[in-house]
Amino acid sequence: MNQDELKALVGQAALQYVVPGQIVGVGTGSTVNKFIEALASMKDQIKGAVSSSEASTARLKALGIPVFDSNEVAELAVYIDGADEINGQGHMVKGGGAALTREKIVAAQSKVFVCIADESKLVSVLGAFPLPVEVIPMSSARIMAQFAQMGGQAQVRLKDGQPLATDNGQYILDVKGLQIKDPVAFEAQVSQWPGVVTVGVFAYQKAHVCLLGTSAGVKTLKF
Ligand code: 5RP
């Protein structure tokens, strides 16, 4: 099976976690796009979705799935999202699709985080994937220097030669060269640097379950 097929497999498998009659939290990315396609088959059984990005919102609406503002919903039973990396404790690196801030917000209002990923995403130590960090533009140089002191090399993410603007109008730094051995401490430390909106380490909002697409089928990891 190729990567695309593995993503479709876990996107479909995630339907078992969607609670009929409720609103489901929906992440962002190519794996989640497969989940959204699969969710269309259940659209008459759910109230709708809270979305983590403009891109997912557009896809949900195009399929006729109502999208609620996160402020309208006190708690979600489940949040389904992908990851750029996940370790054996359910800690993740996220933000490859620049949606990390809203992803963390929706994850925080959800009781259960179900990560859907192909097997290439499972790692022992987080950090090989360049770490996305959403920052206020005027703080980017200082934050890049702080990462350099940790041994990381940060770059502003570009689109068409210009800094990419997130859905929240901020910048993304991608930080290479980190080995994140203590994700909980790392997330706590970087989150309090002035100008950091969201660090792409999800240790506080970690996955409870990971549906991992492998050539032998879907493997369920519980954390
Ligand atoms: C978007 C994310 C995605 O979940 C992550 O980048 C994985 O994406 P994909 O399923 O396309 O590999 O965090 O901000």
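Atoms within a ligand are numbered from 1 in the order they appear, just like the ligands themselves.
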Check each atom of ligand 1 against the heavy atoms of [X] and keep those under 4.0 Å away; list them by number with element.
{"X": "D81", "result": "4 (O)"}
{"X": "G29", "result": "11 (O)"}
{"X": "T31", "result": "9 (P), 10 (O)"}
{"X": "K121", "result": "9 (P), 12 (O)"}
{"X": "G82", "result": "4 (O)"}
{"X": "A99", "result": "14 (O)"}
{"X": "G96", "result": "6 (O), 13 (O), 14 (O)"}

Worksheet item: Does a sphere of radius 6.0 Å around CD in E119 hold more than 12 heavy atoms from other residues, nucleotides or ligands, not counting ones at 6.0 Å or beyond?
Response: yes
In the protein, what heavy atom is nearest to [atom], and what distance, to one decimal place, separates them?
{"atom": "atom 11 (O) of ligand 1", "result": "S30 OG, 2.5 Å"}
{"atom": "atom 6 (O) of ligand 1", "result": "D84 OD1, 2.6 Å"}
{"atom": "atom 3 (C) of ligand 1", "result": "T28 O, 3.2 Å"}
{"atom": "atom 2 (C) of ligand 1", "result": "E103 OE2, 3.3 Å"}
{"atom": "atom 13 (O) of ligand 1", "result": "G95 N, 2.8 Å"}

Worksheet entry | Worked check of salt bridge (charged side-chain N to carboxylate O under 4.0 Å, His left out) between E54 and R59 | CA-CA 9 Å; E54 301 298 335; R59 282 175 183 269; over 6 Å; no
Practice prompt. With salt bridge (charged side-chain N to carboxylate O under 4.0 Å, His left out) as the test, would you mind laying out the steps for K121 and D84 before giving the verdict?
Written response: CA-CA 6 Å; K121 307 290 183 67; D84 298 303; 5.1 Å; no
Fill in: Side chains of L131 and F186 in contact at under 4.5 Å (non-hydrogen atoms)
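Answer yes - side chains close enough.
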Item to complete: Sort out for me which residue in V32, L63, V24, I80 forms a side chain to side chain contact (heavy atoms under 4.5 Å, CB included) with L39.
Response: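 So the option named by the test is V24.
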Distance-only donor-acceptor check, side chains [X] and [Y], under 3.5 Å:
{"X": "E134", "Y": "T198", "answer": "no"}
{"X": "T57", "Y": "S51", "answer": "yes"}
{"X": "D4", "Y": "N2", "answer": "no"}

Discussion item. Evaluate R157 against D174 for salt bridge (charged side-chain N to carboxylate O under 4.0 Å, His left out), listing each step before the verdict.
Written reply: CA-CA 6 Å; R157 192 180 298 181; D174 291 303; 2.8 Å; yes
Fill in: Part of A98 with heavy atoms under 4.0 Å of ligand 1, whether side chain, backbone, both or neither
backbone
Item to complete: Classify the contact between A83 and ligand 1 as side chain, backbone, both or neither, using a heavy-atom distance cut-off of under 4.0 Å.
Response: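 The part of A83 near ligand 1 is the backbone, not the side chain.
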